Chemist: 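One structure coming up, written as structure tokens, with questions to follow.
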Amino acid sequence: MLKKECIAMLLAGGQGSRLGCLTRNIAKPAVSFGGKYRIIDFSLSNCTNSNIDTVGVLTQYKPFLLNSYIGMGSAWDLDNTFGGVHILPPYVGETQGSWYKGTANAIYQNMDFIHHYNPDYVLIISGDHIYKMDYSAMLKFHKEKESEVTISTVEVAWEEAPRLGIMTVDENSRILKFTEKPSEPESKLASMGVYIFDWSVLKDALLEDEGDLESDNDFGKNVIPRLLRQGTKLFAFKFQGYWRDVGTIESYYDANMELLNGANSLDIFDPEFRIFSNEGILSPQFVGSKARIENSLVSNGCTILGEVSNSILAPGVYVGEGAKVKDSIILHHTKIHENCFVQRAIVGENAEIMSQSCIGVQAKGHLEQAGITVVQDHQVIPQGSVIKEGRNVYRTR
Amino acid sequence: MHSVIGLIFGNTRSDILQGLAQDRPIAAVPFGGRYRLLDFALSSMVNSGIRTVGLVTPHHYRPVLDHLGAGKDFSLDRKAGGLFILPGAIHGLIGDKSKFRIKDICLNIEFLQKDFSENVVISYCNQVYNINYRDALEFHNQKQADITLIYKETDDPLDMSGRVILYIGKDQHVHKLQEKYEDDPTEQAQPYFVDMLIIRRTLLLDIIQGYKCIENIDLLDALRDNLTTLKVYGYNFTAYIGRIDSIKDYFDRNMDLFKPEIRKELFLSRDRIHTKIRDNPPTKYGSKAKVSNSLLASGCCIDGEVENSILSRGVVIKPGCMIKNSIIMQKCIIGKNAVLENVILDKFVEVNEGNVLKGSENNPLVLYKKTVV
């Protein structure tokens with residue numbers, strides 16, 4: 001029987017509610033990032049670059065755009081005769097089946113899929129982090145340590161630690177303690193949400209977790225702590241490099257801006273570790289004779305007639321004459337018309353900002369989300385509008 | 001449109017493009033930042049619903065295959081039909097003006113024999129356009145024509161030099177084909193053949209059968225021989241068709257892309273021009289970048305001044321550069337403070353720090369692939 005050494009299960013069902021109006025209509029992994037990419041591109045490209053050719057993508061929340069974007073995975077060279085990308089939505093059977101209740105439950109419900117490929121190892125990743133990682137190095141570590149479960153970790157700043165899963169390890173990298181979102185973290189070693197399980201260990205753990213009615217069916221909260229208690233061999237793989245969780249508007253904005261300014265940020269220009277994406281058919285970008293662009297990333301199909309600085313423009317964006325776009329992230333096919341002023345804003349896909357409008361005008365007092373203004377996708381901002389900084393503009397029609 | 005297949009002649013090399021077509025056929029000459037010339041011919045066929053296309057290539061077809069692969073980016077990786085690579089005959093002279101050589105089709109006759117379709121759309125590939133053949137095909141079927149020649153009308157003698165002039169009677173019937181010579185200026189608009197035609201497949205097979213013994217005969221000559229016995233019609237196209245027949249043409253057609261109406265017709269209409277997708281990152285503009293009236297592909301790093309220029313993918317412009325009226329192809333690196341004006345750089349050219357390269361508008365300076373200056 002054909003079998004695989006290692007397959008990946010990519011958790012892409014989360015809503016990402018902290019991203020506010022950016023994820024009103026699309027799942028978080030499908031949110032645009034860094035101009036032409038979508039967040040899931042990084043995880044899928046990592047799989048390709050790590051020679052993992054079988055990926056199950058677990059979707060649940062507003063999956064249409066995500067599903068159509070992934071297609072059969074050919075954009076990431078993941079269209080194979082045995083293997084490839086499989087979209088795994090929740091389903092019902094005669095007696096079983098329901099919405100995915102948690103990360104562990106999502107995998108539990110798709111155990112048949114894993115059985116089909118009968119792998120030795122299962123890599124569990126999530127579709128909402130920005131990083132470049134060769135999973136094969138982690139798999140090598142997993143085998144060398146004769147580990148049963150390996151968790152990839154990264155050192156974070158102390159102030160970030162309470163948001164993440166934090167672990168304590170011994171000198172041999174064996175995990176002694178794992179706390180999900182600790183109020184008083186003991187170390188700076190955070191879980192990246194990347195796990196390698198021996199398939200047999202994962203199978204037993206999932207069955208046991210499903211039997212536990214108290215459980216929230218979550219890897220970080222329930223499965224990993226239970227395995228630790230039972231004395232399973234868990235090891236921490238130390239990842240060196242850039243890793244960002246883009247779970248909030250602020251962290252999403254900062255991670256984007258780091259592409260422009262950060263010296264130790266993600267190298268998207270590296271020809272040996274390429275980030276693939278599903279591109280549309282677009283023309284080269286046109287820069288008009290009165291345009292001025294500095295310190296920015298501009299994608300294919302853009303037409304720039306105005307001024308753009310410190311900004312990231314996704315494919316097909318239009319910036320009209322006299323318009324000024326500053327410190328902003330403009331997503332796919334959005335139009336910013338003549339003489340608009342857009343500052344420190346994230347403008348959603350296919351939005352349209354009519355002429356003479358000001359987005360992100362200075363406001364007094366306490367600012368929500370660090371003063372970043374967010375406009376929802378497909379929203380049309382009428383001519384001459386003034387929107388104060390830090391506001392969320394939800395779609396009205 | 002399953003009753004139609006396409007046939008593109010992409011096998012001519014030429015000395016008229018000063019080295020741009022030296023190691024590649026004209027079909028594979030890069031154009032407009034992201035494209036190669038054959039993209040326009042191929043995309044127009046695909047966008048017209050043609051799902052089977054044969055591409056005649058020269059015997060050295062690495063650049064063409066590198067670009068097309070299995071035709072995936074053109075939606076031509078099909079079980080039924082798809083893209084067929086048809087290696088043409090080895091022709092002796094590089095400067096041969098002939099376009100549709102029967103010998104080339106004859107070598108690949110199975111492509112035509114194995115198909116079941118009624119008609120074949122044939123085109124050459126030294127032109128830039130975004131057209132849809134649907135209306136022309138409907139006209140062809142309605143007239144029950146043997147052959148429909150696509151033409152445009154112009155009074156510009158420049159457009160017409162070297163073209164074939166059609167003499168069209170009532171009912172769009174073509175009764176004479178005449179080569180246009182340069183010493184024959186005319187004031188009035190004349191219809192000229194734009195190197196695209198629709199022909200019945202079985203008729204094409206008959207013509208090949210009848211003429212294959214004649215060395216190097218062009219399909220158009222065979223047609224001319226039989227003009228009186230065949231039902232040959234002309235169909236008028238009004239679309240933009242930019243021909244590239246000299247290095248000046250190449251330069252000017254690229255510069256035409258700065259005209260909004262032409263850019264709109266080529267790139268922003270409902271039918272899109274497909275090309276090989278390379279998944280480059282977005283283009284990065286540094287804090288010293290100053291770009292105006294230019295077209296840029298993805299993956300460039302711009303830190304200098306760029307004006308009226310076209311930059312292909314992955315071009316690096318270092319600080320202090322002044323690039324004006326130039327076409328810079330893939331992966332060129334322009335060192336600090338270099339000055340370029342009216343220059344065409346083929347792929348992978350490196351210009352070292354401080355160098356000044358200037359051509360003239362009518363005679364742009366061309367640097368070959370991988371040159372280091």
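Fair warning: this is a prediction, and the values are worked out from it, not measured in the lab. Here is the naming used below: chain letters follow the sequence lines, and residue numbers restart at 1 for every chain.
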Chemist: What part of B/Arg263 gets within 4.5 angstrom of chain A, counting heavy atoms only: side chain, backbone, both, or neither?
Modeler: side chain
Chemist: For the candidates B/Ser298, B/Ser294, B/Ala297, which exhibits the highest count of non-hydrogen atom pairs separated by less than 4.5 Å from chain A?
Modeler: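 That would be B/Ser294.
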Chemist: Please classify the contact between A/Ala75 and chain B as side chain, backbone, both or neither, with a heavy-atom cut-off of under 4.5 Å.
Modeler: backbone
Chemist: Of the backbone (N, CA, C, O) and the side chain (C-beta and beyond), which part of A/Leu282 lies under 4.5 Å from a heavy atom of chain B, both, or neither?
Modeler: both
Chemist: Which one, A/Ser289, A/Ala314, A/Ala291, leads in non-hydrogen pairs under 4.5 Å with chain B?
Modeler: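 Among A/Ser289, A/Ala314, A/Ala291, the one with the most close pairs to chain B is A/Ser289.
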Chemist: Would you please say whether a donor-acceptor pair under 3.5 Å links the side chains of B/Tyr240 and B/Asp256?
Modeler: yes
Chemist: Under 4.5 Å heavy-atom distance to chain A, tell me which part of B/Cys300 shows up: side chain, backbone, both or neither.
Modeler: backbone
Chemist: Which bit of B/Ile273 is near chain A, if near means a heavy-atom gap under 4.5 Å: side chain, backbone, both or neither?
Modeler: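 Just its backbone gets close to chain A.
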Chemist: Could you check whether B/Arg253 makes a cation-pi contact with B/Tyr250, meaning its NZ or CZ is under 6.0 Å from the centre of the six-membered ring and within 45° of the ring axis?
Modeler: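 No, B/Arg253 and B/Tyr250 do not form such a contact.
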Chemist: Which residue out of A/Asn278, A/Val298, A/Ile268 racks up the most heavy-atom pairs below 4.5 Å with chain B?
Modeler: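 Top option by heavy-atom pairs under 4.5 Å: A/Val298.
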Chemist: Quick one: do B/Arg34 and A/Glu279 make a salt bridge, cutoff under 4.0 Å?
Modeler: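 Salt bridge: yes.
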Chemist: Less than 4.5 Å to any heavy atom of chain A: does that hold for the side chain of B/Leu295, its backbone, both, or neither?
Modeler: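 For B/Leu295, heavy atoms of backbone and side chain both lie under 4.5 Å from chain A.
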Chemist: Heavy atoms only, distances under 4.5 angstrom: which of A/Ser296, A/Ser277, A/Cys302 has the most pairs with chain B? Name it, please.
Modeler: A/Ser296
Chemist: At a 4.5 Å cut-off on heavy atoms, which part of A/Ile275 comes close to chain B: side chain, backbone, both, or neither?
Modeler: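 Contact with chain B involves the backbone of A/Ile275 alone.
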Chemist: What part of B/Lys288 gets within 4.5 angstrom of chain A, counting heavy atoms only: side chain, backbone, both, or neither?
Modeler: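 Neither part; nothing is under 4.5 Å.
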Chemist: Side chain, backbone, both or neither: which part of B/Asp303 has an atom under 4.5 Å from a heavy atom of chain A?
Modeler: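 Neither part, no heavy atoms under 4.5 Å.
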Chemist: Do we see a donor-acceptor contact under 3.5 Å between the side chains of B/Glu265 and B/Tyr129?
Modeler: no
Chemist: Of all of A/Val287, A/Asn295, A/Ile304, which one pairs up most often with chain B through heavy atoms under 4.5 Å apart?
Modeler: A/Val287
